[in-house]
Amino acid sequence: MSESTLRIGLVLPDVMGTYGDGGNALVLKRRAIMRGIDAEVVHITLDDPVPDSLDVYTLGGAEDYAQRLATRHLTRYPGLQKAAAAGRPVLAICAAIQVLGHWYETSAGERVDGISLFDLTTSPQEKRAIGELVTEPVHPALTQPLTGFENHRGGSRLGSDAKPLARVKHGVGNGVGDSTEGVVQGSVIGTYMHGPALARNPELADHLLATAMGVDSLAPLDLPEVDRLRRERLAAGRRR
Ligand code: GLN
């Protein structure tokens, strides 16, 4: 590893790895390497303290119990909180949104304190939200529709310090009846989109990479297979 290697933290894939969201770290690495930037994925497991010195962090979704183990670990080793306070980009998927909020209530009705990187709280909805999700971003760095697959029972209500990532066109999103999807607070972005989200949404991947590299934006990559995947998934979402 050289000094200039971009270090991508995959946080707790051993407990927050159920839905394939580890792919987001691989997409970041691949898109960096395609631009001639050396990059590596650093796996941070329950056996490791969470470092605060990485360039970008990703966290995936999980079931309620695994989510609780992750919450305990992130509370005990506050490296992610320090990195976020220093403006490092963080991507939190589904259960990770909930863990990064003030608290979440499990399907069994227990309330668990989160790590408060997001001004939001999460309670179970009546019905599990499952299926393709299509949204229009409200984040200023994003112009393209977002596509993902949602699978969650929790519904997240944003407080005034948290802004939505997008408005729902098809699907459920944050699930509290206000058509919002995802959350943005400082350099931390959360979304209910599995997929993995960054494989389907290259603009979001490049926004995280640009923030990690301290540049305003990156020239897009020409990848026809990604365009095809997006066309397919957006069409599937519109049928929902
Ligand atoms: N257990 C959480 C919920 O159902 C998160 C699920 C997930 O990460 N897909 O809301």
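In listed order, ligands and their atoms are each counted from 1.
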Y192/H152 aromatic ring centres below 6.0 Å | yes

To which of R153, Q67, R68 does the heavy atom nearest atom 2 (C) of ligand 1 belong?
-> Q67

the protein heavy atom lying closest to atom 7 (C) of ligand 1 turns out to be C94 SG, 2.9 Å

Passing option when E132 is tested against R239, R238, R233 for salt bridge (Lys or Arg N to Asp or Glu O under 4.0 Å) | R233

For N201, the option from Q144, H207, R230 that meets side-chain hydrogen bond (donor to acceptor under 3.5 Å, both in side chains) | R230

Do T121 and R157 have side-chain atoms, one donor and one acceptor, less than 3.5 Å apart?
-> no

Evaluate whether atom CZ of R30 has more than 12 neighbouring non-hydrogen atoms of other residues, nucleotides or ligands under 6.0 angstrom away.
-> no

Counting each atom of ligand 1 from 1 as listed, which ones have a heavy atom of R128 under 4.0 Å away?
-> 4 (O)

Answer with side chain, backbone, both or neither: which part of N151 has a heavy atom less than 4.0 angstrom from an atom of ligand 1?
-> backbone

Which option, G61, A62, G154, owns the non-hydrogen atom nearest atom 5 (C) of ligand 1?
-> A62

Identify the closest protein heavy atom to atom 1 (N) of ligand 1: which residue and atom is it, and at what distance?
-> D64 OD1, 2.7 Å

Contact check, side chains of Y57 and L91, non-hydrogen atoms, under 4.5 Å = no

Proximity flag Q98 to ligand 1, non-hydrogen atoms under 4.0 Å | yes

Is the closest heavy atom of H194 to ligand 1 under 4.0 Å?
-> yes

